[in-house]
Amino acid sequence: MFGSRIAGMGHYVPDRVVKNDDLSQWMDTTDEWIVQRTGIRERRWVEGDVGAAELAEHASRQALEEAGLSPSDIDMILFATLSPDICFPGSGCLLQARLGIPGVPALDVRNQCSGFLYSLSVADQFIRTGAMKRILVVGAEVHSTGLDLSTRGRDVTVIFGDGAGAAILEQTEGESRILDTELHADGRYAEMLMAEAPASRLNPRLSVEMLEAGRQFPKMDGKAVFKQAVERLPEVIHSVLRRNGVALADVALLVPHQANLRINEMVARQLNFPFEKVYNNIQRYGNTTAASIPIALHEAAGEGRLKKGDYVLLAGFGSGFTWGASLVRW
Ligand code: ACO
């Protein structure tokens, strides 16, 4: 039975460090409030005109190098982002051009904080069927150019950071592989966490009035997101383990989406899972949405937190609402 294994990974964050105290120059917030509510101490933001595809290229080239491959070995690109470089075409096409591999299919995945898990699952299915041998899966976000830096936007703006994470999935018949990914969505909650404009359902899609009202900025009902996240994440983790006959006690590491350290602490508590076995780096990067899981997984592997044969759980929840969990045999 074919499966897919992670043959190499990469991640990239911009050089510019934005500390919590830096945010206080633009909005009414404090380091104390941000650390206490979210765990975030600093994040990386791009400087100048840098899009998601540029960050993704850095991460992808590193992943290719780690896998000992070159761009021409790639059969397909899956690009998860909520912050595409331009309205259309998707950033996958832009990344493909940057990597110099014309003709290779490129698919953008629009599933926000669950985008990497959705992409991983799609890639895994293509590889299991034998249709593709090697797929580049990348999550990349440039949030910083689309945030409200005034006090009006402080609840959302303090959370987000820019970055990219990439994985090369390669066909295998061995035991190290993606065992399963369980995915969910509930569109009834779509407007609880969204960036509304420009919008095809509005005519015009964007106006001066809309810009003045800040409708181009992300809006979030933080409490609703928090409440749903701490319910749905333990649920989907138990479910993916159950359907694969793996006990939670046998999981070496949980790599959750980095939305809020408090969410991850609460999820670990609800699962009765030791917090030392939960990998977190939100303190340094904030919420990088589709990039957060691959950045965290790559850092965890680089720190020697994973050894061959380990069970690793990836889990995420975010806008849509969308959520899911992957069980990986490292
Ligand atoms: N600095 C200082 N004060 C602030 C800030 C800030 N940055 N932001 C909000 N406040 C104030 C509010 O105005 C409010 O003041 P009030 O009591 O005078 O009205 C007070 O702090 C409490 O605000 P809440 O929004 O109720 O704060 P809460 O405890 O809910 O924390 C937070 C907010 C951190 C955003 C939390 O709700 C959260 O983490 N939610 C989940 C976020 C998440 O997971 N998002 C999903 C990922 S993003 C994606 O998918 C794209």
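Owing to the predicted nature of the structure, the values given are computational and were not obtained by experimental measurement. Start at 1 and go down the list; that is how both ligands and their atoms are numbered. Along the sequence shown, residues carry numbers from 1.
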Among protein heavy atoms, which sits nearest to atom 38 (C) of ligand 1, and what does the distance come to when rounded to 0.1 Å? N260 ND2, 3.5 Å

For T157 and D148, which I'm curious about, is there any donor-acceptor pair between the side chains at under 3.5 Å? no

I need the nearest protein heavy-atom contact for atom 14 (C) of ligand 1: residue, atom name and distance, please. R154 NH2, 4.7 Å

Identify the closest protein heavy atom to atom 43 (C) of ligand 1: which residue and atom is it, and at what distance? V225 CG1, 3.5 Å

Taking only heavy atoms of G318, which atoms of ligand 1 are found under 4.0 Å from at least one of them? 50 (O)

Which residue and atom name correspond to the protein heavy atom nearest atom 50 (O) of ligand 1, and how close is it? C113 SG, 2.5 Å

Which heavy atom of M192 sits nearest a heavy atom of F321, and at what distance? CB-CZ, 4.0 Å

Establish whether atom 17 (O) of ligand 1 and some protein heavy atom are separated by less than 4.0 angstrom. no

Once you restrict to heavy atoms under 4.0 Å, what part of V158 touches ligand 1? Side chain, backbone, both or neither. side chain

Other residues, nucleotides, ligands: >12 heavy atoms within 6.0 Å of R205 CZ: no

Closest to atom 26 (O) of ligand 1 among Q112, M194, K223, M220 (heavy-atom distance): K223

Once you restrict to heavy atoms under 4.0 Å, what part of N287 touches ligand 1? Side chain, backbone, both or neither. side chain

Are any non-hydrogen side-chain atoms of Q62 and H298 less than 4.5 angstrom apart? yes

Where the closest heavy atom to atom 40 (N) of ligand 1 is concerned, which of S319, G222, A195, A224 has it? G222

At under 4.0 Å between heavy atoms, what of D155 touches ligand 1? The answer is both

Check each of R37, M220, M266 against F226 using the side chain to side chain contact (heavy atoms under 4.5 Å, CB included) test, and report the only one that passes. M266

Do L149 and I40 share a hydrophobic cluster, counting only Ile, Leu, Val, Met, Phe, Trp and Tyr and linking them when any side-chain heavy atoms are less than 4.5 Å apart? yes

To which protein heavy atom is atom 27 (O) of ligand 1 closest, and what is the distance rounded to 0.1 Å? R37 NH1, 3.2 Å

Tell me, please: is I159 in heavy-atom contact with ligand 1, that is, under 4.0 Å? yes

Grab the two heavy atoms, one from A140 and one from A56, that are nearest each other, plus how far apart they are. CB-CB, 3.8 Å

Check ligand 1 against L193 and write out every atom of the ligand that is under 4.0 Å from a heavy-atom position of the residue. 46 (C), 48 (S), 49 (C), 50 (O)

Shared hydrophobic cluster, V104 / V138 (ILVMFWY, side-chain heavy atoms < 4.5 Å): yes

Could you identify the single nearest non-hydrogen protein atom to atom 1 (N) of ligand 1 and state the distance to 0.1 Å? T29 OG1, 2.6 Å

Ligand-side contact atoms (ligand 1) for residue partner F160, heavy atom cut-off under 4.0 Å: 48 (S), 51 (C)

Can you give me the closest heavy-atom contact between A67 and I168, atom names plus distance? CB-CG1, 4.2 Å

Of the choices W33, F321, F317, which has the non-hydrogen atom that lies closest to atom 8 (N) of ligand 1? W33

Can you check whether a protein heavy atom sits less than 4.0 angstrom from atom 22 (C) of ligand 1? yes

pair R154-D28: side-chain heavy atoms closer than 4.5 Å: yes

Please say whether the positively charged group of R329, taken as NZ for Lys or CZ for Arg, lies over the ring of Y311, i.e. under 6.0 angstrom from the six-membered ring centre and within 45 degrees of the axis. yes

Is L82 near ligand 1, meaning one of its heavy atoms is under 4.0 Å from it? yes

Closest approach of any protein heavy atom to atom 34 (C) of ligand 1, naming residue and atom: T38 CG2, 3.7 Å

Out of H58, E65, E57, which residue meets the side-chain hydrogen bond (donor to acceptor under 3.5 Å, both in side chains) rule with R61? E57

